[in-house]
Amino acid sequence: MFSRDFAWGASTSAYQIEGGWQADGKGPSIWDTFCHEKGRVFEDQNGDVACDSYNLWEKDLECVQQLGLTHYRLSLSWARLLPDGTTQHVNERGVQYYNKVINDLLACGVSPMVTLYHFDLPQTLQDQGGWKSPGIALLFDNYAKFCFQTFGDRVKLWLTINEPNVCAKLGYEDGIHAPGLKEEGTSAYVVGHNMLRAHAMAWHSYNSLYRAKQKGAVSLTIYSDWLDPLDPGCSEDIGAAERALAFSLGWFAWPVFVSGDYPEIMRSAIDAESKRLGYSSASRLPCFSKDDPVILGTADFFALNYYTSRKVKPGGGCKQTLSMRSDKDSEEVLDSSWPICGVSWQAVVPHGLRNLLKYIKDTFSNPAVYITENGFSQVGPLHIEDVERCEFYKSTISEVDKAIQEDGVDVRGYFVWSLMDNFEWADGFGVRFGLFHVDFSDVALSRTIYQSGKEYAKIISKHKSCK
Ligand code: GAL
């Protein structure tokens, strides 16, 4: 049984749904630039229009209401609010848009959870070095303060940066997300470092300037798979799984929740690999200095995005070039008993979420946890009667229930990714995660509830009526 104030939500992000990429004074973001380059995204699609939520917000609100959500997670487009990324120039039309969204939600009894940064850096800031430049932390802090000041009287749940671990790796190591850089074994660590500094500055600003009056809570969202040793009796596999967890969850959770610094296992693996390849003696993983904000303790709750699980064995490397993959020296594989849903990376493993929640409780001193994303992808032919996805939500929510009741994890909320089908980054519109289907071939971009949307609404209503 879930507590009376358990948050039942769904999530979206600005670039994936809003469209209006040049509307009313919005500045370009790195995702606008990236998608407009040929060959970056599936079929060269882009988020210029996406679900057109910039113009069709009322339709989204109808979906939120139809589901009976208690919470809706959205992100703000930095470049819509501050077109050049700085507070020198505020785009009032952008402020009006988000004011309307927030006010409409509250008028319907739905609490907004707001992410400040979900992958879409203003292009102007990218041109000045973006997340690789240390100065970005102060610019982010100014943006965060602007948002707290403008919306914080009504928004009580804030997330600074969505999945810094994914953002840094896919954008700067693999080059498959904006800004599309493939600078293996180096830049992702620098970017991650500046994201942590930026996050911590924003948290401290909230803490000292806004918390007393606004009484909200601030965290950052971390993506992680559940990672088990392939052979639980094999010490090499156990070591590989520990390294893999340190490089995914630990990279950001360790500094914030445990020690103010990166997991030791991560630094020693990176440094050993540098030594092996004769790279310079300075660690590729930056060190925090006394001039940096204090990182430890800068989260009021744990925000987790969980999608799938993996079994882990040693990477068996000895590559001749630097990469995060060789640093980590682990290989993550699927268990053949796990079904795959839509995208090839996503095995359906609801019990992995329970394991991960238990691990978070034990490792990070039993924090309050919000599952800020969890979902089931669909590709190929459209199935509005998505029976498998219905089962997925039922069993995942039952695993969350067990984590609370049997393992004592303090889970405060569960958010489905996503409210509706949308622009799935490099996969474009080819991958559907929605509780509502959006018909992108229809000029009206009509929204139709999936069977799984109805199922989720039923689950929510059942739990609400038990209060
Ligand atoms: C997350 C991301 C979302 C969404 C989801 C599904 O990593 O935060 O924006 O794309 O994955 O793949």
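We count ligands from 1, going down the list as the structure has it; atoms in each ligand are counted the same way.
When the heavy-atom distances from atom 1 (C) of ligand 1 to Gln346, Glu373, His118 are ranked, the shortest goes to Glu373.
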The test is side chain to side chain donor-acceptor pair (under 3.5 Å); show your working for Tyr117 and Trp131 and say whether it passes. CA-CA 12 Å; Tyr117 184 78; Trp131 287 108; 3.1 Å; yes

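If you look at Asn162 next to ligand 1, the close heavy atoms, those under 4.0 Å, all belong to the side chain.
Partner of Leu382 under the side chain to side chain contact (heavy atoms under 4.5 Å, CB included) criterion, out of Val379, Asp386, Ile384: Ile384 alone.
Listed for the Arg389 side chain is a donor-acceptor partner under 3.5 Å among the backbone atoms of Gly434.
We find that Lys328 and Glu332 are joined by a salt bridge, their nearest charged nitrogen and carboxylate oxygen being less than 4.0 Å apart.
The contact set between ligand 1 and Trp425, taken as ligand atoms under 4.0 Å from a residue heavy atom, comprises 3 (C), 4 (C), 9 (O), 10 (O). Close approach of ligand 1 to Glu424 (heavy-atom distance below 4.0 Å) involves ligand atoms 4 (C), 6 (C), 10 (O), 12 (O).
In terms of protein heavy-atom proximity, atom 7 (O) of ligand 1 is nearest to Glu163 OE1, 2.5 Å. Of all protein heavy atoms, the one closest to atom 5 (C) of ligand 1 is Tyr307 OH, 3.2 Å.
Distances from ligand 1 to the non-hydrogen atoms of Val166 include no value under 4.0 Å.
Side-chain contact of Gln346 with Ser377: a donor-acceptor pair under 3.5 Å is present, judged by distance alone. No side-chain donor-acceptor contact under 3.5 Å links Thr12 and Ser418.
For the pair Trp345 and ligand 1, the shortest N or O to N or O distance does not fall below 3.5 Å. For ligand 1, one of its N or O atoms has an N or O atom of Gln16 under 3.5 Å away.
Using cut-offs of 30° and 60° for the angle between ring planes, the Trp8 and Tyr414 rings count as perpendicular.
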